[in-house]
Structure formats: structure tokens, C-alpha cells
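Reviewing the structure listed below.
What you are looking at is a predicted structure, and each value in this text was computed from that prediction instead of being measured. Just so it is clear: chains get the letters A, B, ... in the order the sequence lines come, proteins before strands, and each one is counted from 1.
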There are 2 protein chains.
Amino acid sequence: MNHPEALHPFDAAIRLDSAESGRYRGRIHQGYANFVGPFGGAIAATLLNAAWSHPDRRGGPIALTVNFAAPIADEAFEVAARAVRTSRSTQHWSMELSQHGAIACTATAIFATRRSTWSAVEATRPSATPASELPLLDSATYPAWVSNYEMRVVEGDITFGAAPRQDSVSTLWIRDKQPRPLDFLALASMSDTFFPRLFVRRQAFSPIGTVSMTTFFHADSSILARQGTAELLATARAQRFHNGYFDQSAELQSCGAVKANCW
Amino acid sequence: MNHPEALHPFDAAIRLDSAESGRYRGRIHQGYANFVGPFGGAIAATLLNAAWSHPDRRGGPIALTVNFAAPIADEAFEVAARAVRTSRSTQHWSMELSQHGAIACTATAIFATRRSTWSAVEATRPSATPASELPLLDSATYPAWVSNYEMRVVEGDITFGAAPRQDSVSTLWIRDKQPRPLDFLALASMSDTFFPRLFVRRQAFSPIGTVSMTTFFHADSSILARQGTAELLATARAQRFHNGYFDQSAELQSCGAVKANCW
């Protein structure tokens, strides 16, 4: 890489240097900082990147689970990625992110070589005002990572101090602010861009963190190529808030078909 | 265990013998056989059981991901469970199931010590005819594992050869046929009892297998204790079928509140 300054900020944030096969070193980038530590989406994409960029990797991702086990310090980290089992059509990976020898994140990913089969979409697309008619979310009051995305909220925004809402549903348009053709790594990161449902429901801030996130990829490379740099329609909701934990289920859709589901 | 014959079939199916700390041996039980190999729900519960029954385990499960990496033979297997990181409130585990030294399943689980907080349910409960008014699913034409459950289908059953359906939504009542008070292990297993959405949508059989399943547990011990041996209302749907893979999202609910979500 002769001109690292030309890297897209996202590529800089998820960049890994390989010391030996399956072992990488990375650094936390302040451009994707969250309230405390790094934005989880960039970490999820970094972990996926460790498997994705491995010479043994076969096929595209269909599922990714990232578990955030401990706070991540703003310094160097190591990622270990291991192809656990490879079959004719699938490949299972395990990844771990460590700092100072202690594991901060675990992850699993499944890659698959797809074949043409009967296909259908059942997910419905939420009705939404076109992105061109909605204002850009002002990221000034948000942590640094938000400024990397263009978000245009259709419904379910957050105004701290406003009246609590009856539900936690949000719908918004999203894409990279600095244009970057959509790929699996960007989808993994965007899976974590949904603001905490607790904030939306209560319109109040709480010190919380994601503990586990699973993304299912319905898109394949040809669908991603058609998407390019266009906005995705993103929608999220919670099912239950209970004694310290809540869920969040969400979809990222292209203008036509479902692109990815993330939970 | 002096009277293993007195074990509930589910407890027999997920039973592990510990050779040393974090290493277990188990056997596939024919009572939970699937079309090919064992029922994935029993395997998921077995993997959760490895962490759950470990002396270092703290708190109850809030998330479980199980990845089925290879066919599981009908013979002995080993499970390794490792507490990756423990914090004040959460504990992250990694588990692997192996046969003859090759990994067949990977799993991660998060346990948490809950505290009393603001709580709310947003999930809606599907309208359903009471279980007492619905016939028991005849398990005779299904693989062995189905006969361990009482299922009463509200909508979205499968009749191979019937006309394809316009969606893949199913709703049914479910509980253990031989009464067994609900626990986290049973919930993990029931997360995989939803028949493949592809079969429901197309009303046709295909040779398919689960590759990854994530369960989020909203119930805590006190909710489980209240549930006891009563039926759960189970509902599942797919969002997209595409070139060899499809998703399935589902909830298992008590008569009142959401008990668990599984995807």
C-alpha cells in the first residue's frame, strides 16, 4: 500500500496487517470512536475481514456472530482467525480479538459457495419518504463514528429529553458518507449502526453496550455490485426489554429486495 | 446417577460426562434422531449444557449461537467449553463439539447476572386458537425427535405435495410430550423445532440442514419457574430464500410475555 492516505476511512478502520497465516494486527481508529471505545460495527467488520482476507477463505459470508466480551482499549489489537471446517459448499470460521493477551471479542462466520436455486422474498419493505426528500442527520452531537454515515431518518429518531415513545421502531436511509461501493464488510458494520432501541423508546441516554450481534447475509456479490453506493433502507425494532438486556432486530434492504438481516 | 432409566428423554439426550474441567463426552441418542444425524436442537442444548453445568459458570444465558459445520455421526462425541472472559455482569463462553478429532459444531454463549431495570414487551402475540381446541400433530411420518414434543398447529402446517403457500409463516403450540418444567436447555432445543420454512412455503421436502442458529433468551429463572410445563406459543417466518440459503426468525412466547426469540 503506497498511498495509505488514499484509503477510504472505513478501509483504514478495518485494516489488518498479517504477521503470519491467520494472525493479524490492527489499530483502533479515532474516526470510528463510540461513546466509550470503538464503534462495534467497525470491530465486527474487522473480525469478518480477518476471515475474508485469509488466503484459505472460500465463498461469501452468509452468517456472522460477534460477541463483545470486554471493553476495547484505543490501542493495538491482535486478531486470530481459524478455518474450523470446510465442506464442499460451506466453510466455518472462528475469530478472536485480543489485547495484551486477553480476549475482548469472539466471533464465528460461515462462508458459502452459493448455487442457483428457487428464490423468493417474503420480507416487506417499510413505506418511506424518498431519501432525497429527507434531511441529513446532524452527527455533531453523536460519537465520531456516526459522521462516517449519511443517515436520513424516516421515523423513530432520538431527541434526548423528549417524551418516551410507545415503540422502538426506527426506519432510516443509510450509506457511507464518503461514497464506497457496498460490500460484505460494510454490511457487517452497518448491522451495528442502529442506535440502541432503548434510547429510541425512552428518548433517554443510558450507558449500555452491545454484547452479541448476529448478521445474516442474503446478498451475494452480484446483488452488492448492483447496489453500488446507493442508500439502503434500514429498519429496526425491539421485542423485549427485560432486567438489563434487550434485543434489536433489523433489516438492511436495497430499494427492491432484502439485502441483509441483522440481529 | 443410580437410575439413568428414570431420566427424562431430553435429559438423557443432552447428558454429558465430564472427563476433566471443561471437557465432556456425550453420545447421540436415537430418540432425538433427525432425517440424517441428530436433531440440531438437542445438539444446541448439549453445547449450552457444557457451559451451563460448568462449575465456573455464572448467571443465566442471554444469547447462544450454534454453528453446524459438518454432519454429526451417530456415535460418541466430545465437547470442549471454555470461559473466554468474565466481567462483573457477563460471562462469555466458547464451545466446540468434535468427533474423531474433527470439529463438527462451534458455539458461543453469553451468560449474565441480571439486575432489576425498566422493562417492557413490544412483541405482539399472534392470535391463536387455544391449545385445548387443536389436535395433536401426528408425529408418525416425522423423524424421531418430533415425537418428543406435543405440537398443535394453529397455521402453517406441512402436507408434502399440497399447493405451495404464499408465505412461510407458522404458528403452533409446543411443549415436551413427557412433562418437563421449562428451563434454558429446553428453550435452546425448542429454538430448532421449527420445521424448515422452505418446506412450509413450498409444501415439498428438500434435503437441507441448519448451518447457524442464534437464540436470545429474554426469560430469566423466575419467568421459567412460572411457565412450568405449560405450552409455549411458537411462531416463525422467513424473510428471504436466495440461492441455497434462507433465514428463519421465530419467537417462543409464554401465554403472556415473550419467553425467547430464536433465529
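For a residue to count as touching a neighbouring chain, one of its non-hydrogen atoms must lie under 4.5 Å from one of that chain's; by this rule A102(B) touches chain A with backbone and side chain alike. Neither the backbone nor the side chain of Q91(B) comes within less than 4.5 Å of any heavy atom in chain A. Only the side chain of A63(B) has a heavy atom closer than 4.5 Å to any heavy atom of chain A. Heavy atoms closer than 4.5 Å to chain B are found in both the backbone and the side chain of S168(A). Using a 4.5 Å cut-off between heavy atoms, T65(B) contacts chain A through its side chain alone, with no backbone atom that close. Residue R197(B) does not touch chain A at all, counting heavy-atom pairs closer than 4.5 Å. Contact annotation for I62(B): only side-chain heavy atoms (C-beta onward) come within less than 4.5 Å of a heavy atom of chain A. Contacts between I103(A) and chain B at a heavy-atom distance below 4.5 Å involve backbone atoms as well as side-chain atoms. Only the side chain of R201(A) comes within contact range of chain B, with at least one heavy atom under 4.5 Å from a heavy atom of that chain.
Separating the CZ atom in R165(A) from the CD atom in E122(B) is a distance of 9.0 Å, to the nearest 0.5 Å. Rounding to the nearest 0.5 Å places CG of D220(A) at 6.0 Å from CG of N243(B). Annotation: the span from H92(A) atom NE2 to E96(B) atom CD amounts to 12.5 Å, rounded to 0.5 Å. Here the OG1-CG distance, from T117(A) to L198(B), works out to 8.0 Å after rounding to the nearest 0.5 Å. Note that CZ of F246(A) and NE2 of H218(B) are 10.5 Å apart. Values are rounded to the nearest 0.5 Å.
No donor-acceptor pair closer than 3.5 Å links the side chain of T214(B) to the backbone N or O of T214(A).
Contacts with chain B were tallied for R202(A), R115(A), Q166(A); R202(A) has the most, counting heavy-atom pairs under 4.5 Å. Ranked by heavy-atom pairs shorter than 4.5 Å toward chain A, the options A69(B), A112(B), G244(B) are led by A69(B). Most heavy-atom pairs under 4.5 Å with chain B: of the set T90(A), V211(A), T113(A), this distinction falls to V211(A).
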Review point. Where do E251(A) and Q239(B) land on the side chain to side chain contact (heavy atoms under 4.5 Å, CB included) test, with the steps shown first?
Key: CA-CA 10 Å; E251(A) 296 91 40; Q239(B) 295 192 295; 3.2 Å; yes

Exercise for review: Test side chain to side chain contact (heavy atoms under 4.5 Å, CB included) on Y245(B) and S89(A) and set out the steps.
Suggested key: CA-CA 11 Å; Y245(B) 295 89; S89(A) 58; 4.2 Å; yes

Review point. Given the rule in the side chain to side chain contact (heavy atoms under 4.5 Å, CB included) test, do W93(A) and T106(B) qualify, once you have shown the distances and angles that lead to the verdict?
Key: CA-CA 9 Å; W93(A) 286 79; T106(B) 63; over 6 Å; no

Review point. Checking side chain to side chain contact (heavy atoms under 4.5 Å, CB included) for the pair H242(A)/R114(B): CA distance, chi angles, key distance, verdict?
Key: CA-CA 9 Å; H242(A) 181 64; R114(B) 289 176 179 268; 3.6 Å; yes

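Side-chain contact between F241(A) and V121(B) is absent, with no heavy atoms from C-beta onward closer than 4.5 Å.
More than 12 heavy atoms of other residues, nucleotides or ligands lie within 6.0 Å of CD in E75(A), so this atom counts as buried by the packing criterion.
The two residues T108(B) and N67(A) have their closest heavy-atom pair at OG1-ND2, 3.0 Å.
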